[in-house]
Amino acid sequence: MSQELSEQEVQRRSSLSKLRELGIEPYPAAAFQVSHLATSVKTAYVENQPVKMAGRMMSQRIMGKASFAELQDSSGRIQLYFNRDELCPGEDKTLYNEVFKKLLDLGDFIGIEGTMFKTQVGETSINVTSLTMLSKSLKPLPLPKVDTDGNTHDAFTDAELRYRQRYVDLVVNPGVKETFIKRSQVFSVMRKAFDRFGFLEVETPILQPIPGGATARPFVTHHNALDIPLYLRIANELYLKRLIVGGFDGVFEFAKDFRNEGMDRTHNPEFTVMELYVAYKDYEWMMSFTESLIEEIALRVCGTTEIAVGEQQISLKAPFKRISMRDAILEHTGFDIEGKTEEALRDLCRELGIDVTPEMGVGKLIDEIFGEKCEARYINPTFITDYPIEMSPLCKRHRTNPALTERFELMINGKEIANAYSELNDPIDQRERFEAQLALSERGDVEAMFIDQDFLRALEYGMPPTSGIGIGMDRLVMLLTDNQSIQEVLFFPQMRPEKQVNLSELDRQILNACSVEPAPLADIRVMIDCSNKQWDLSVKLLTKNQLLKVFKLEEVLYIKKA
RNA sequence: GAUUCCGUAGCUCAGCUGGUAGAGCAAUACACUUUUAAUGUAUGGGCCCUGGGUUCGAAUCCCAGCGGGAUCACCA
């Protein structure tokens with residue numbers, strides 16, 4: 001596994017051993033006590049005050065017997081001033097001439113002691129009197145430069161590298177850190193708000209025997225000891241409701257959910273949802289609660305309710321507009337879906353140029369119409385309410401119209417941010433709804449829900465009237481940080497694995513001899529000139545790296561490209 | 001999954017209608033005691049994504065693959 005080192009990496013390794021020759025440990029064990037952060041020096045500047053600081057050296061300007069460098073810590077950057085005779089007061093100038101000037105590289109972690117001062121140009125700096133090596137960096141960081149006009153040059157922009165090596169992205173692109181700090185603040189503001197209401201933060205199973213609470217394709221895994229399939233949860237809704245049955249008045253969970261579906265700039269296979277359930281409330285209450293929560297988050301995290309998202313200005317000031325799904329569709333298509341049959345809706349879809357398939361029921365058709373013609377229009381926060389019953393199998397029937405449910409979705413910037421119900425707590429109605437879903441799945445809808453018998457049993461013991469909400473945390477953070485892509489708000493978004501298989505000449509020959517069409521393995525074997533042992537090794541390597549597939553069909557071994 | 005663009009030095013990118021590579025920054029060496037995209041001089045650094053084809057000759061043209069971006073489709 002030896003990989004060629006670049007010239008610069010070789011250079012840094014040689015600096016590393018030279019440091020050791022000078023008796024300096026490049027990776028010392030001892031703690032380094034820090035007194036100030038870069039920003040705290042600037043905000044609480046006191047002429048000549050002693051400081052101890054640590055971080056990465058990000059730039060170096062050497063001018064003979066004096067030098068400047070920049071130290072970057074978790075808070076930002078501060079300029080360091082090194083004077084040879086102040087750093088090395090005695091005869092021995094090695095620390096300055098050798099260590100600082102030659103053996104230190106950009107990206108190295110150093111600790112310094114010194115005093116605050118301002119340069120002739122007025123820049124707050126530290127006059128360094130003591131330098132400690134804290135950790136050597138063996139790979140050069142991509143270093144963007146910012147000129148006097150604030151333009152960034154040579155920025156590290158390659159999206160693939162940024163996501164695969166997020167640690168580098170974070171060191172080098174300051175805006176990235178901001179996004180994740182805000183993400184953390186969003187969570188923290190929500191936790192504090194829930195805490196004020198006395199809601200309980202809980203944890204429910206990620207590995208579930210029945211993937212319920214939503215309609216999506218799950219990831220499947222297998223439990224060896226029990227010899228049963230288990231699913232990574234697509235939602236945690238049914239478990240939180242069981243806790244309401246158990247007597248908690250308010251429970252919430254920040255949950256990683258997993259869905260085995262496509263990936264794009266708004267979908268990652270694992271994503272975070274905050275779900276909250278509150279007993280004795282309905283969706284009207286939840287709407288009021290949600291709008292004030294969103295407003296509070298905006299104020300605390302962004303400092304304002306008026307945020308810029310792309311080209312749009314969005315006001316997150318409560319209250320938000322409320323409109324029923326029927327009125328929304330009426331407004332944007334001129335068509336009233338009230339009481340329409342499946343056929344009438346299908347005709348409308350065709351008229352509007354929306355693709356439909358035979359397995360779509362009334363609910364799915366209405367959802368298509370809304371998604372296609374209305375959703376994108378709601379830029380400022382809007383509650384879409386009263387969804388048709390077919391679309392919402394876990395939601396309580398509307399108090400005045402039995403064809404509808406007491407459900408709302410919160411749309412912001414044309415995207416769904418939250419989804420909430422007056423929860424269905426009638427166990428008989430719930431069983432019928434599940435059975436209707438089962439019928440849908442028999443029609444070919446692979447996403448219709450499974451029936452969770454234990455959940456029904458829980459409802460039969462009685463669940464108080466409850467309202468619940470799920471908020472897509474990743475999308476909320478995208479909104480508040482003005483990011484267009486979910487990958488920008490996840491530290492480590494899902495990527496295709498890096499493939500770095502070093503194929504030998506023989507491996508390539510074999511690979512080229514095979515095609516996507518299966519061929520008898522023996523036929524390929526005779527085409528390749530090598531020993532049986534070499535053949536075996538190569539084929540094993542190729543199949544292990546999923547380049548080739550070998551399989552048996554009626555006692556004959558076949559081989560094909562994977 | 002479809003379309004489209006991209007893959008060249010550590011980073012950002014040039015490289016025209018084919019003649020085996022260039023810049024800036026970074027690196028190395030020397031000079032320089034308040035600079036700030038420090039400066040000056042010199043030097044080194046490339047499986048031009050991989051494999052095949054066309055050609056006397058491919059970073060460049062063609063095909064396939066891998067990886068990525070964008071748009072669309074799929075996705076309560």
Side-chain angles (χ1 to χ4, degrees), chain A residues 4-12 14-15 59-70 77 79-86 96 101-102 105-107 117-123 125 127 139-164 168 172 213-217 234-235 259-267 269 355 357 363-364 366-368 370-371 387-388 390-395 407 409 416 419 437 445-449 470 484-485 487 495-503 508-509 511-512 515-516 547 561:
Chain A
E4 291 277 315
L5 293 177
S6 73
E7 187 198 19
Q8 294 192 40
E9 289 174 292
V10 173
Q11 180 56 235
R12 282 170 182 238
S14 119
S15 302
S59 73
Q60 225 184 357
R61 293 180 287 280
I62 297 176
M63 287 163 298
K65 299 185 185 68
S67 299
F68 290 91
E70 274 182 299
R77 291 191 183 191
Q79 178 168 269
L80 305 178
Y81 172 71
F82 291 83
N83 181 302
R84 187 192 68 182
D85 298 322
E86 289 185 55
Y96 182 77
K101 277 169 71 175
K102 295 186 180 166
D105 291 296
L106 299 189
F117 82 110
K118 287 198 197 233
T119 63
Q120 288 178 354
V121 219
E123 170 132 3
S125 308
N127 187 2
K139 269 183 177 301
L141 287 165
L143 284 171
K145 293 221 158 188
V146 181
D147 66 21
T148 35
D149 303 327
N151 302 314
T152 305
H153 301 264
D154 301 336
F156 180 60
T157 53
D158 185 311
E160 179 185 2
L161 287 174
R162 285 186 47 232
Y163 300 151
R164 287 199 196 278
V168 174
V172 138
T215 53
R217 294 188 207 203
I234 55 175
R259 296 187 184 176
N260 205 343
E261 289 166 350
M263 292 161 56
D264 59 33
R265 67 183 192 294
T266 54
H267 297 84
D355 289 336
T357 55
K364 193 110 180 168
I366 292 174
D367 188 41
E368 286 292 320
F370 180 78
Y387 284 59
E390 296 84 355
M391 295 169 66
S392 318
L394 299 166
C395 184
R407 169 180 180 181
E409 285 193 359
E416 175 196 338
N419 181 22
Q437 286 288 306
D445 188 342
V446 286
E447 289 172 353
M449 292 187 184
Q484 314 305 314
S485 155
Q487 296 168 309
M495 303 280 281
R496 208 177 284 271
E498 287 180 90
K499 251 187 201 165
Q500 36 174 259
V501 187
N502 290 323
L503 295 183
R508 292 217 178 85
Q509 268 184 41
L511 198 58
N512 289 334
S515 72
V516 206
L547 294 168
K561 273 190 180 160

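Convention: sequence-line order gives letters A, B, ...; per-chain numbering from 1.
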Spacing of A/E123 atom CD relative to B/A38 atom C1', expressed in whole Å: 13 Å
Touch class at under 4.0 angstrom, heavy-atom based, for A/R407 against every strand present: base
Closest nucleotide among B/C75, B/U36, B/U12 to the A/E368 side chain: B/C75
Among B/C11, B/G10, B/U35, the nucleotide that comes nearest once only the side chain of A/L161 is considered: B/C11
Carboxylate-amine/guanidinium proximity below 4.0 Å for A/R77 and A/E70: yes
Dump every N/O contact between nucleotides 70-73 of chain B and the protein below 3.5 Å, one line per pair.
from  : atom 1 : to     : atom 2 : distance (Å)
B/U71 : OP2    : A/R265 : NH1    : 3.3

B/G24 versus B/C62 - spacing of their C1' atoms, nearest Å: 34 Å
Working for side-chain contact (heavy atoms from CB on, under 4.5 Å), residues A/R61 and A/Q79: CA-CA 11 Å; A/R61 293 180 287 280; A/Q79 178 168 269; 2.8 Å; yes
Annotated protein contacts, base or backbone, on nucleotides 23-31 of chain B with a non-hydrogen cut-off under 4.0 Å, one of B, S, - each: -BSBSS-S-
Any donor-acceptor N or O pair under 3.5 Å, side chains A/S67, A/Y96: yes
Minimum-distance nucleotide (side-chain atoms of A/F156 versus B/U35, B/U12, B/U33): B/U12
No-hydrogen, no-angle side-chain donor-acceptor test under 3.5 Å, A/S125 and A/N127: no
Polar atom pairs between nucleotides 20-22 of chain B and protein, under 3.5 Å, N or O only, would you list them?
none

Sugar-phosphate, base or nothing in reach of A/D85, heavy atoms under 4.0 Å: base
Distance below 4.0 Å between A/R61 side-chain N/O and B/U35 OP1 or OP2: no
